[in-house]
Number of protein chains: 2
Amino acid sequence: MKIGELAKRTGVSVRSLRYYESQGLISPVRLANGYREYSPLAAETVKTIKLYLNLGLTTEEIAGFLHCVLKNKEAFCAEVMPLYESKLEEIERQLHQLTQIKLNLEERMASIRREREGSGAKAQTKAGEE
Amino acid sequence: MKIGELAKRTGVSVRSLRYYESQGLISPVRLANGYREYSPLAAETVKTIKLYLNLGLTTEEIAGFLHCVLKNKEAFCAEVMPLYESKLEEIERQLHQLTQIKLNLEERMASIRREREGSGAKAQTKAGEE
DNA sequence: ATAGACCCTGACACCAGTGTCAAGGTCAAC
DNA sequence: GTTGACCTTGACACTGGTGTCAGGGTCTAT
């Protein structure tokens, strides 16, 4: 199957398929005319790539274990678990940071509302002071 | 005061101060030799900018109301509240997305652990399936 | 007058995946 | 033999604040 066909089947753009290839994630054979020819299994591969991208992994990280998980159960691939762990930590750091921002935002919004109701009585809360 | 001095006082890099200027946030006067000359009040302004950046606002958004909040109480500036509201929504969207990713990650990690303990008995959970 | 600290502008790099355009080759059908 | 759909590579844009370098000007103190 050619690249347009694969794009249609997987819902991934032609541009992205070529990008995945440049990152070493897929390796279609080339026809005599230079066209990429994908095996029918490629659709599964692409869906797997999408899955890992959705987990927040980068193409580079995926490249490190994709070969293994395509042939084995994921649990068999030793590279995966440490990657998941560090990714989880990263996500948690981001969650913490976002939550902090959210709290500060809400505090400032509440402060403004108080000030408006109180007819400008209280002093301005000048900072969230991280 | 010149830019290096302001950088020292505020903890913001010279590079960033120039960037803020290019975004219309600060407007130092220029000396005959082309050097930027900042008023003593500039340090306060820069700290205010930092504050809003830490709330997740962009320089462009800050530019829209900075002038007002430097002269008035924040509650007086009508532009601020809607901005906070939409920013809060954005943050909440991101929180939701990150939380979803986190759950998927944890589920996959748990699945791998089960598989390893169970000596490869159960089938591979092939996807988080968004 | 020269060293050294400070200032200037302009530009590239980063993250990382995707959109999009240009300029051109291939192929099937009419 | 020409149209039109599909393929190729290469390149720039985007997000957005910051680091960093190049190449050069200014000022102060010795």
Side-chain angles (χ1 to χ4, degrees), chain A residues 1-38 42 46-64 66 83 86-87 90-91 93-94 97-98 101 130, chain B residues 1-38 42 45-64 66 83 86-87 90-91 93-94 97-98 101:
Chain A
M1 124 184 64
K2 293 203 283 301
I3 196 166
E5 171 77 11
L6 181 58
K8 232 173 265 169
R9 285 202 203 175
T10 58
V12 168
S13 74
V14 167
R15 175 70 178 86
S16 294
L17 291 175
R18 289 200 269 245
Y19 178 69
Y20 298 162
E21 180 179 351
S22 78
Q23 299 307 107
L25 296 181
I26 331 179
S27 298
V29 297
R30 295 302 183 113
L31 300 177
N33 58 15
Y35 287 14
R36 291 166 177 83
E37 176 66 25
Y38 293 89
V46 171
K47 283 176 192 166
T48 304
I49 293 170
K50 268 174 73 174
L51 168 78
Y52 287 118
L53 284 176
N54 283 339
L55 283 176
L57 304 189
T58 69
T59 51
E60 190 184 351
E61 290 165 337
I62 296 170
L66 181 63
L83 199 47
S86 71
K87 191 58 66 175
E90 192 185 320
I91 301 279
R93 269 194 302 277
Q94 291 177 27
Q97 208 177 350
L98 276 182
I101 291 175
E130 213 322 30
Chain B
M1 128 184 62
K2 294 202 283 301
I3 197 168
E5 171 78 12
L6 181 59
K8 234 173 262 169
R9 284 202 203 175
T10 58
V12 167
S13 74
V14 167
R15 175 69 178 87
S16 294
L17 291 175
R18 288 200 269 246
Y19 179 68
Y20 298 162
E21 180 179 351
S22 79
Q23 300 306 109
L25 297 181
I26 333 179
S27 298
V29 297
R30 294 303 182 113
L31 301 177
N33 58 16
Y35 287 14
R36 290 166 178 84
E37 177 66 26
Y38 293 90
T45 304
V46 171
K47 282 177 192 165
T48 304
I49 293 170
K50 266 173 75 175
L51 169 78
Y52 287 117
L53 285 177
N54 283 338
L55 283 175
L57 304 189
T58 68
T59 51
E60 189 184 353
E61 289 165 339
I62 296 170
L66 181 62
L83 200 45
S86 72
K87 190 58 63 173
E90 192 186 318
I91 301 278
R93 270 195 303 278
Q94 291 177 25
Q97 209 178 351
L98 275 182
I101 291 175

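Protein chains get the first letters and strands the later ones, always in sequence-line order, with residue 1 at the start of each.
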*Measure from CG on A/Asn54 to P on C/dG17 and round the result to the nearest Å.*
12 Å

*Using the salt bridge (Lys or Arg N to Asp or Glu O under 4.0 Å) rule, pick out the option among A/Lys2, A/Lys8, A/Arg9 that qualifies with A/Glu5.*
A/Arg9

*Spacing of B/Lys2 atom NZ relative to D/dT28 atom C1', expressed in whole Å*: 10 Å

*Got a sec: does the CD of A/Gln97 have more than 12 other heavy atoms crowding it under 6.0 Å?*
no

*Can you check whether A/Thr58 has a side-chain N or O nearer than 4.0 Å to OP1 or OP2 of C/dA16?*
no

_Using OP1 and OP2 only, check whether a side-chain N or O of A/Ser13 sits under 4.0 Å from C/dT18._
no

*Does the side chain of A/Arg15 get closer than 4.0 angstrom to OP1 or OP2 of D/dC7 through an N or O atom?*
no

*How many Å lie between CD on B/Glu21 and P on D/dT18, as a whole number?*
15 Å

*Quickly work out the A/Lys87 NZ to C/dC15 P distance and round it to whole Å.*
13 Å

*Measure from the side chain of A/Ile3, starting at C-beta and using heavy atoms only, and say which of C/dT18, D/dT8, C/dG17 lies closest.*
D/dT8

*asked:* Using the rule given for side chain to side chain contact (heavy atoms under 4.5 Å, CB included), can you reason through A/Gln94 versus B/Gln94, listing the C-alpha separation, both sets of side-chain angles and the distance that settles it, and then say yes or no?
replied: CA-CA 10 Å; A/Gln94 291 177 27; B/Gln94 291 177 25; over 6 Å; no

*Can you tell me how far P of C/dT26 sits from CZ of A/Arg30, to the nearest Å?*
14 Å

*How long is the line joining CG of A/Leu31 and P of C/dG25, in whole Å?*
19 Å

*Looking for any heavy atom pair under 4.0 Å, which part of the strands does A/Arg18 touch: base, sugar-phosphate only, or nothing?*
base

*Tell me which of A/Val12 and A/Asn33 sits closer to the 5' end of DNA chain C, going by the nucleotide each one is nearest to.*
A/Val12

*Looking only at side-chain atoms of B/Tyr35, point me to the closest of C/dA16, C/dT18, D/dG25.*
D/dG25

*Could you state the atom-to-atom distance from CG of B/Leu57 to P of D/dG16 in whole Å?*
12 Å

_C/dT18, OP1 or OP2 - any side-chain N/O from A/Tyr20 closer than 4.0 Å?_
yes

_For the CD atom on A/Glu60, are there more than 12 heavy atoms of other groups (residues, nucleotides or ligands in this structure) within a distance under 6.0 Å?_
no

*Can you check the A/Gln23 CD to C/dG17 C1' distance for me, whole Å?*
9 Å

*For A/Ala32 and for B/Gly4, find the nucleotide of DNA chain C with the closest heavy atom, then tell me which residue's nucleotide is more 5'.*
B/Gly4

*Which nucleotide in the set D/dT18, C/dG17, C/dC8 lies at the smallest distance from any side-chain heavy atom of B/Tyr19?*
D/dT18

*asked:* Counting only heavy atoms not in B/Glu90 (residues, nucleotides, ligands), do more than 12 fall under 6.0 Å from its CD?
replied: yes

*Quick one: is D/dT9 close enough that its OP1 or OP2 comes under 4.0 Å of any side-chain N or O from A/Arg36?*
yes

*OP1 or OP2 of D/dG17 sitting under 4.0 Å from any side-chain N/O of B/Thr59?*
yes

